[in-house]
Amino acid sequence: MAHPAAKDPTMSQVFPKPVAKLEPNTFAFEQGPMVKPTGFREYDARWLFPQEINLMGVQALGLGLGTLIHERGVRPDIVTGHDFRAYSSSIKLALIAGMQAAGLRVRDIGLALSPMAYFGQFALDCPCVAMVTASHNDNGWTGVKMGAERPMTFGPDEMTRLKEIVTRGEFRYREGGSYEFVAGFAQTYLDDLVARTKPVTRKLKVVAACGNGTAGAFAPALLERLGVEVIPLDVEPDHSFPRYNPNPEDMAMLHAIAAKVRETGADVGLGFDGDGDRCGVVDDEGEEIFADKIGVMLARDLSRLHPNATFVVDVKSTGLFAADPELQARGVRTDYWKTGHSYIKRRVNELSALAGFEKSGHFFFNAPVGRGYDDGLLTAIAVLEMLDRNPGRSMADLYRALPKTWGSPTMSPHCADEVKYGVVEAVTERFRALQAAGEPVGGHAITGLVTVNGVRITTDDGTWGLVRASSNKPELVVVVESPVSEARLRAMFAAVDAVLREHPEVGAYNQTI
């Protein structure tokens, strides 16, 4: 029997309106949906489960997503999957219940990497995607990456509207919802990657590190099919992430990869994040290469094949994308844009760029290399193809060929979601005032401020520092780089940190230089 609201899609919902806070182990927690509003981020959704969202709250999210998709006039076919965490499957099933009630036709690909779900939008002809993943966030987090316009994912406009629908309880039930499990889809995804790859002719030994996360089910198998010798590292599934979070920006993961490379004499170490859309790289000498420098190396390699290419990079990334003489000689155009997989993906599409690179390791290869979405396994393929096209040079040789700069990892001081954007606004105004007054930062004059995403301060010797709000955690993001010396790197960090310490809301860093 159809739900009474199903006959009239304009009829107001009867699913309860979510509340922001319920206490676990109470009747109220089991009787109504809880959705903390701050879980709706700039370009995806992230919550601590069950402290900030319960399963009925996830149902509400599915109802809201379906309501939004119909509101936007998009064909209601959606692909969904889940990452490897103890609770991800139950989160996905609750989400599916809500999506079906809102009239979405669901294709479930099961355990998956985020790029596998994005690929499903093309291979299964689904305009929409809802991938259940907390990516690299600590155990206890959950979330959903969503899109309704392949290969893009939601940005701030869509996320703001989704938040309104869910928190206000503006759901619309619809008939026509359905469910289908797509068996064996992982094989289809891996077959497609292999088909897009040129045969690797160079004998390579590769460390494949997966942080006990989802990628362990797929990445080693792909690399073996490409004909390289695979040295597995932390590929066994363990959703407690016993050694470190599967995050190739985390120095603990990079250190572990570097140790395994040195132990085994591998040609390269590759590290995949929790949902497989990012890839970190360690060279054959055990040197941990930050992802923005890998991006420069890949831009050099790809621009040989595609002169005058356009690349999009995020504001956290090295200045070498604009300053590298080799890229300049090939007529490469670089567009610095907002950090965030949704922003960079959309910008790559708008500019028809060959690729987009984020310091976090999200790389977006557009046609003819890829389909425009971020895929850590395709990034690994690009690295192997680069090595194959340079048979006489090691990964370390290619890294040393870049102009020298001193760069920091991504450093994240704690700052509550409710105040972090206000802090960044205040910090931006502080640096604007310093520039207007001609005051030096770290002993040098400010020559430029980029405020497209937080504030990036550049001084007269090319040293720069960035402060922005994290889009998916209660943190700020700080990055510094100098083309001059380590001393200038540290001076810039000290200057930026001194401004941050004017705000007591800013807490301790997760890692520093």
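Keep in mind that this is a model prediction, so the values were computed, not measured.
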Would you say that [X] contacts [Y] through its side chain, given a criterion of any heavy-atom pair below 4.5 Å between the two side chains?
X      : Y      : answer
Leu466 : Arg468 : yes
Phe119 : Tyr373 : yes
Glu229 : Val206 : no
Asp108 : Val182 : no
Met159 : Arg41  : no
Asp138 : Asn245 : yes
Val268 : Asp283 : no
Lys145 : Arg46  : yes

Under-4.0 Å salt bridge between [X] and [Y]:
X      : Y      : value
Asp77  : Arg105 : yes
Arg161 : Glu164 : yes
Arg150 : Asp125 : yes
Lys163 : Glu42  : no
Lys205 : Asp267 : no
Lys345 : Asp277 : no
Arg304 : Glu326 : yes
Arg225 : Asp191 : yes
Arg278 : Asp374 : no
Arg371 : Asp192 : yes
Lys338 : Asp314 : no
Asp292 : Lys316 : no

Evaluation steps, side-chain hydrogen bond (donor to acceptor under 3.5 Å, both in side chains), between Lys359 and Thr339
CA-CA 9 Å; Lys359 185 178 171 66; Thr339 292; over 6 Å; no

Looking only at non-hydrogen atoms, find the nearest pair between [X] and [Y] and report the distance.
X      : Y      : answer
Ser303 : Leu327 : OG-CD2, 3.8 Å
Pro474 : Ala416 : CB-CA, 4.2 Å
Lys420 : Cys415 : CA-SG, 3.6 Å
Ala102 : Thr67  : CB-N, 4.0 Å
Phe241 : Asn212 : CE2-O, 4.0 Å
Tyr336 : Gly319 : OH-CA, 3.3 Å

Atom pair [atom1]/[atom2] of [X] and [Y] - distance to nearest 0.5 Å:
X      : Y      : atom1 : atom2 : answer
Tyr421 : Ser471 : OH    : OG    : 5.0 Å
Met152 : Ile344 : CE    : CD1   : 13.5 Å
Leu476 : Ser470 : CG    : OG    : 8.5 Å
Ile294 : Thr318 : CD1   : OG1   : 12.0 Å
Arg347 : Leu351 : CZ    : CG    : 4.5 Å
His136 : Tyr244 : NE2   : OH    : 15.0 Å

Using the salt bridge (charged side-chain N to carboxylate O under 4.0 Å, His left out) rule, take Lys198 and Asp388 through it: C-alpha gap first, then chi angles, then the decisive distance, then the call.
CA-CA 9 Å; Lys198 295 180 177 63; Asp388 208 42; over 6 Å; no

Under 3.5 Å donor-acceptor, [X] side chain and [Y] backbone:
X      : Y      : answer
Asp83  : Ala134 : yes
Ser408 : Ile513 : no
Ser135 : Asn137 : no
Trp464 : Arg456 : no

Would you sort out whether His255 and Glu288 count as a side-chain hydrogen bond (donor to acceptor under 3.5 Å, both in side chains), showing the intermediate values?
CA-CA 7 Å; His255 290 341; Glu288 300 143 359; 2.6 Å; yes

Stepwise side-chain contact (heavy atoms from CB on, under 4.5 Å) check, Phe364 with Val369:
CA-CA 9 Å; Phe364 311 81; Val369 182; over 6 Å; no

Pick from Phe321, Phe363, Phe357, Phe365: which one makes a ring-ring contact (aromatic ring centres under 6.0 Å, His included) with Phe311?
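Single ring-ring contact (aromatic ring centres under 6.0 Å, His included) partner of Phe311 among Phe321, Phe363, Phe357, Phe365: Phe357.
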
If only side-chain N and O atoms count, and only distance matters, is there a donor-acceptor pair under 3.5 Å linking [Y] with [X]?
X      : Y      : answer
Asp275 : Thr214 : no
Tyr343 : Asn453 : no
Glu481 : Thr405 : yes

Going through the distances and angles, do Asp44 and Phe154 end up as a side-chain contact (heavy atoms from CB on, under 4.5 Å)?
CA-CA 7 Å; Asp44 56 22; Phe154 283 174; over 6 Å; no

Go through it in stages, so that I can follow the logic: the residues are Glu149 and Arg346, the test is salt bridge (charged side-chain N to carboxylate O under 4.0 Å, His left out), and I'd like the CA-CA distance, side-chain angles, deciding distance and then a yes or no.
CA-CA 10 Å; Glu149 184 187 359; Arg346 192 169 297 270; 3.8 Å; yes

Pair Leu61-Val35, side-chain contact (heavy atoms from CB on, under 4.5 Å): steps then yes or no:
CA-CA 8 Å; Leu61 179 66; Val35 181; 5.9 Å; no

Trace of the side-chain contact (heavy atoms from CB on, under 4.5 Å) decision for Cys126 with Ile78
CA-CA 5 Å; Cys126 290; Ile78 190 163; 5.7 Å; no

Do Tyr189 and Asp375 pass the side-chain hydrogen bond (donor to acceptor under 3.5 Å, both in side chains) test, and can you show the C-alpha distance, the side-chain angles, and the key distance before you say yes or no?
CA-CA 11 Å; Tyr189 163 72; Asp375 187 339; 2.9 Å; yes

Determine, stepwise, if the pair Asp238 / Ser240 fulfils side-chain hydrogen bond (donor to acceptor under 3.5 Å, both in side chains).
CA-CA 5 Å; Asp238 188 338; Ser240 70; 2.7 Å; yes

